[in-house]
Amino acid sequence: VQLQASGGGLEQAEGCLRLSCAASGFTFGRYGMGWFRQAPGKERVFVASINRSGGPTLYADSVKGRFTISRDNDKNTVYLQMNRLKPDDTAVYYCAAGRVPGTSEQRYAYWGQGTLVTVSS
């Protein structure tokens with residue numbers, strides 16, 4: 001099983017980035033997907049999730065209206081479009097796969113290695 005996150009980098013406040021997470025080694029279409037993030041010196045927290053068919057999505061209040069999670073089951077990839085970035089969005093972003101996605105880390109069986117997003121003011 002592998003979850004390869006990419007797309008992180010340095011961006012200015014109010015800019016945008018799109019993260020991708022390519023999955024392999026499991027049946028992608030049978031798993032919900034989530035994004036979490038860990039800011040320096042803080043615990044990892046939930047950002048967004050999407051169910052296995054691309055239906056219901058969940059977002060943390062801090063990103064609602066700015067971030068959009070989506071997936072392409074033909075490409076085994078989940079995305080996180082991040083708009084109107086803020087310095088508080090600076091973190092390592094992790095993608096994760098779980099049978100029943102949600103806000104809790106315990107719902108996810110597989111985790112990627114993370115990609116760093118840095119937002120300058």
Side-chain angles (χ1 to χ4, degrees):
V1 171
Q2 189 170 16
L3 294 172
Q4 184 69 43
S6 61
L10 175 63
E11 183 58 65
Q12 292 184 336
E14 297 300 315
C16 59
L17 285 172
R18 188 175 83 153
L19 305 184
S20 299
C21 176
S24 61
F26 64 100
T27 307
F28 183 73
R30 293 183 180 177
Y31 282 75
M33 298 298 295
W35 287 96
F36 289 74
R37 69 186 182 186
Q38 186 169 21
K42 297 186 178 180
E43 295 184 351
R44 189 161 58 186
V45 297
F46 170 78
V47 175
S49 68
I50 188 167
N51 81 348
R52 58 185 180 180
S53 63
T57 56
L58 290 173
Y59 294 95
D61 287 344
S62 58
V63 306
K64 204 171 293 183
R66 299 188 298 120
F67 291 10
T68 303
I69 187 172
S70 62
R71 65 188 294 160
D72 185 335
N73 285 354
D74 290 334
K75 295 182 178 180
N76 287 2
T77 302
V78 63
Y79 305 97
L80 186 68
Q81 177 66 44
M82 306 186 295
N83 298 331
R84 290 164 31 220
L85 284 162
K86 303 176 180 180
D88 284 349
D89 295 321
T90 295
V92 176
Y93 284 72
Y94 299 89
C95 59
R99 290 283 191 175
V100 182
T103 61
S104 170
E105 289 191 25
Q106 282 66 43
R107 289 182 173 270
Y108 298 88
Y110 307 131
W111 290 83
Q113 87 290 354
T115 185
L116 176 63
V117 172
T118 304
V119 183
S120 62
S121 58

If I compare all heavy atoms of [X] with all of [Y], which pair ends up nearest, and what's the gap?
X: Val78; Y: Ser70; value: CG2-O, 3.1 Å
X: Leu3; Y: Ala97; value: CD1-N, 3.9 Å
X: Pro87; Y: Ser121; value: CG-CB, 3.9 Å
X: Cys16; Y: Glu11; value: O-OE1, 3.5 Å
X: Ser53; Y: Asn73; value: CA-ND2, 4.5 Å
X: Arg52; Y: Arg71; value: CA-NH1, 3.2 Å

Which residues share a ring pair (Phe, Tyr, Trp, His ring centres under 6.0 Å) with Tyr31, sequence neighbours left out:
Phe26, Tyr110

In terms of hydrophobic clusters joined by side-chain contacts under 4.5 Å, are [X] and [Y] together?
X: Trp111; Y: Trp35; answer: no
X: Ile50; Y: Tyr59; answer: yes
X: Phe28; Y: Val1; answer: yes
X: Phe36; Y: Leu85; answer: no

Lys42 atom NZ, neighbour heavy-atom count above 12 within 6.0 Å
no

Take atom CD of Gln113 as the centre, draw a 6.0 Å sphere, and report whether it contains more than 12 heavy atoms from other residues, nucleotides or ligands.
yes

[atom1]/[X] to [atom2]/[Y] distance, rounded to the nearest 0.5 angstrom?
X: Gln4; Y: Thr77; atom1: CD; atom2: OG1; value: 11.0 Å
X: Arg18; Y: Thr68; atom1: CZ; atom2: OG1; value: 11.5 Å
X: Gln81; Y: Leu17; atom1: CD; atom2: CG; value: 8.5 Å
X: Asn76; Y: Ser24; atom1: CG; atom2: OG; value: 8.0 Å

For [X] and [Y], indicate whether the former's side chain and the latter's backbone hold a donor-acceptor pair under 3.5 Å.
X: Thr90; Y: Val119; result: yes
X: Tyr108; Y: Gly102; result: yes
X: Tyr94; Y: Ala5; result: no

Mind checking whether Asn51 and Pro56 have side chains closer than 4.5 Å, heavy atoms only?
yes

Side-chain contact, heavy-atom cut-off 4.5 Å: Arg99 with Arg30?
yes

Of the options Val117, Val92, Val63, which is the one that meets Arg37 in a side-chain contact (heavy atoms from CB on, under 4.5 Å)?
Val63

Applying side-chain contact (heavy atoms from CB on, under 4.5 Å) to Ser49 and Leu58, what does each step give before you reach the verdict?
CA-CA 5 Å; Ser49 68; Leu58 290 173; 3.5 Å; yes

Phe46 ring centre to Arg107 NZ or CZ under 6.0 Å, with the angle to the axis within 45°?
no

Asp89 and Lys86: salt bridge (charged side-chain N to carboxylate O under 4.0 Å, His left out), yes or no, with the steps?
CA-CA 5 Å; Asp89 295 321; Lys86 303 176 180 180; over 6 Å; no

Of all residues at least two apart in sequence or in a different chain, which pass the side-chain contact (heavy atoms from CB on, under 4.5 Å) check with Asp72?
Asp74, Lys75, Tyr79

